[in-house]
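To start, the structure itself, in structure tokens.
Sequential numbering from 1 along the given sequence is applied to the chain's residues. Order of listing sets the numbers, starting from 1, for every ligand and every atom in it. On a predicted model such as this, the values are computed, not experimentally measured, just so you know.
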Amino acid sequence: MRVEPITRLVGHIAVPGDKSISHRSVLLGALCEGETRITGFGRSADTEATIEAVRALGITVYEHGEDTLHVFGKGLRGLTAPGRPIDCANAGTLVRLIAGILAGQDGQEFELTGDESLSARPMRRVTEPLGRMGAGVETEDGHLPLGIQGRPLHAITYELPVASAQVKSAILLAGLYADGETTVVEPEPTRDHTELMLEAAGVSITRREKSVSVRPPERLELGEIEVPGDFSSAAPFIVAATLVPGSELHIHGVNLNPRRTGLLTILERMGGRVTVYNRRRIGGERAGDLEIRSAELVATTVFGPEVPLAIDELPLFALLASCAHGNSRLRGAEELRAKESDRVEATVEALRALGQHVQGTEDGFRIKGVPTRPRGGRISSRGDHRIAMLGAVAALDSQDGVEIEDAACVAVSFPGFFELLDSLRREAAA
Ligand code: S3P
């Protein structure tokens with residue numbers, strides 16, 4: 001796929017429903033009593049794997065058009081083991097969250113598998129706490145395939161060794177089946193979509209600054225869920241409009257959960273010009289519209305609590321910083337190495353191939369900012385959707401355009417990404 005530079009980004013766009021919330025809506029919908037209606041569902045390869053997973057467990061899901069689903073839940077204990085492996089494809093959120101749910105299906109056995117990328121990612125971070133709660137768990141040396149025997153679970157208090165919303169969620173979901181109150185302590189706050197949705201479903205959740213507890217409920221009931229636009233899918237366009245001079249882009253209906261919008265805080269510090277308006281709630285989550293104007297940027301350092309709040313946007317931060325005045329740094333982000341690819345290596349390789357000055361470190365990047373347009377060139381996505389989109393964003397601001405190897409992987413989170421780019425190109429030419 002070749003992506004050419006664009007003259008400017010102008011107009012009004014919307015992005016698909018949030019991926020994290022879409023996964024959770026289907027998984028929790030399956031555990032509800034009766035029907036859950038989901039609108040604004042973010043359809044992607046990842047979230048379709050979740051629909052297929054709950055279907056394999058005996059749940060009926062009706063699909064109406066592109067983004068409305070009806071999930072016919074069978075209650076907390078109504079899932080039935082399919083007698084064959086459940087394929088989680090590329091979806092880390094699916095495999096970790098469903099592991100917590102299956103651990104509580106007393107007397108049933110399950111096997112979870114995934115694609116090559118997912119099979120290389122660490123699973124002990126979920127099997128260890130689930131094992132402590134009493135579930136039977138087996139991995140292939142800490143990796144997929146993952147075998148789960150559902151058993152009666154004990155409540156635990158668990159201190160997460162790494163800040164991970166997926167692991168936190170797996171434990172909270174297993175806590176729905178425990179014999180008391182389960183508590184997860186986080187080293188830094190991470191996205192809280194699971195807590196918010198469980199509360200909306202009637203579960204008793206106690207939240208403290210760095211910990212959260214769940215009590216086993218009698219039943220779950222959601223009724224309706226509206227999924228707001230995905231901030232992580234808006235992020236490539238926020239960055240592109242910031243970098244390409246003369247831009248003025250509006251993105252509507254975006255999830256602005258503060259545990260997701262670390263990039264906005266970072267960008268503001270760098271001199272970015274993003275305004276939030278029409279603040280409102282969509283599906284129990286904070287949301288709003290964004291106006292992004294191009295800006296000259298200055299360097300900054302990102303570390304500590306800011307890292308989980310911008311975790312999926314850190315490759316884009318590296319691009320922003322490489323176009324800023326001064327030298328930037330990212331520290332404390334070793335988790336980037338455990339994503340769909342090693343995102344420290346993948347980002348460094350991609351940005352260097354385009355003429356940018358980025359160096360990888362054990363836990364992040366050192367970036368030398370040069371406030372000129374990236375040269376352009378050829379990159380490999382390494383099959384990682386966020387790296388493919390990083391290449392496309394750099395291309396828009398580049399001198400010569402960018403050739404992206406394996407750009408089709410954007411479908412993992414955002415199948416319409418390149419069509420949306422094309423529509424912006426037509427808008428810019430109009
Ligand atoms: C997610 C949590 C994050 C994030 C991923 C989605 C979630 O992963 O990178 O894209 O939906 O809970 P970790 O929990 O591994 O940090």
Side-chain angles (χ1 to χ4, degrees), residues 16-28 41-42 44-47 49-50 53 88-101 114 117-118 120-129 142-144 158 160-173 184 186-198 212 227-228 230-236 255 257 259-263 285 305-317 332-344 346-347 363 384-390 409-410 412-414:
D18 185 90
K19 180 157 77 80
S20 289
I21 300 173
S22 295
H23 281 301
R24 286 159 172 81
S25 64
V26 172
L27 291 171
L28 287 193
F41 181 75
S44 65
D46 260 20
T47 57
T50 296
C88 298
N90 193 246
T93 302
L94 169 58
V95 76
R96 269 87 177 237
L97 269 59
I98 208 169
I101 293 170
S117 150
L118 192 60
R121 296 178 65 184
M123 293 301 148
R124 208 159 269 147
R125 49 181 62 194
V126 284
T127 57
E128 205 268 324
H143 296 95
L144 296 182
Y158 191 75
L160 291 181
V162 287
S164 163
Q166 292 177 354
V167 180
K168 171 178 67 175
S169 299
I171 302 166
L172 293 177
L173 291 171
V184 184
E186 304 191 85
E188 308 285 358
T190 65
R191 66 188 70 189
D192 58 357
H193 307 302
T194 303
E195 295 90 306
L196 291 173
M197 207 179 286
L198 283 173
V212 52
V227 183
D230 195 328
F231 182 81
S232 296
S233 298
N255 179 214
N257 181 321
R259 304 253 180 123
R260 291 291 296 281
T261 52
L263 180 73
E285 292 265 352
E306 223 161 50
V307 169
L309 309 184
I311 188 73
D312 294 334
E313 287 67 64
L314 294 173
L316 288 167
F317 161 68
E334 43 280 279
E335 269 298 295
L336 279 187
R337 295 189 181 272
K339 296 294 175 189
E340 286 84 326
S341 67
D342 176 336
R343 286 191 182 150
V344 172
T347 301
D363 66 344
D384 183 334
H385 55 129
R386 305 254 178 246
I387 302 299
M389 289 189 264
L390 172 72
C409 64
V410 296
V412 159
S413 64
F414 196 164

Distance only, no hydrogens: is a donor on one side chain within 3.5 Å (strictly under) of an acceptor on the other, for K168 and T190? yes
Tell me which one of L309, N257, D312 satisfies side-chain contact (heavy atoms from CB on, under 4.5 Å) with R191. D312
With sequence neighbours excluded, what pairs up with E334 under the salt bridge (charged side-chain N to carboxylate O under 4.0 Å, His left out) test? none
Under a 4.0 Å heavy-atom cut-off, what residues line ligand 1? S20, R24, T93, S164, A165, Q166, R191, I311, D312, K339
List for me each residue that meets ring-ring contact (aromatic ring centres under 6.0 Å, His included) alongside F317, sequence neighbours excluded, and say none if there are none. none
Kindly write out the residues that satisfy side chain to side chain contact (heavy atoms under 4.5 Å, CB included) with P236, not counting sequence neighbours, or none if the list is empty. L316, M389, V393, F417
When you compare the side chains of S20 and H193, does any donor N or O come within less than 3.5 Å of an acceptor on the partner? no
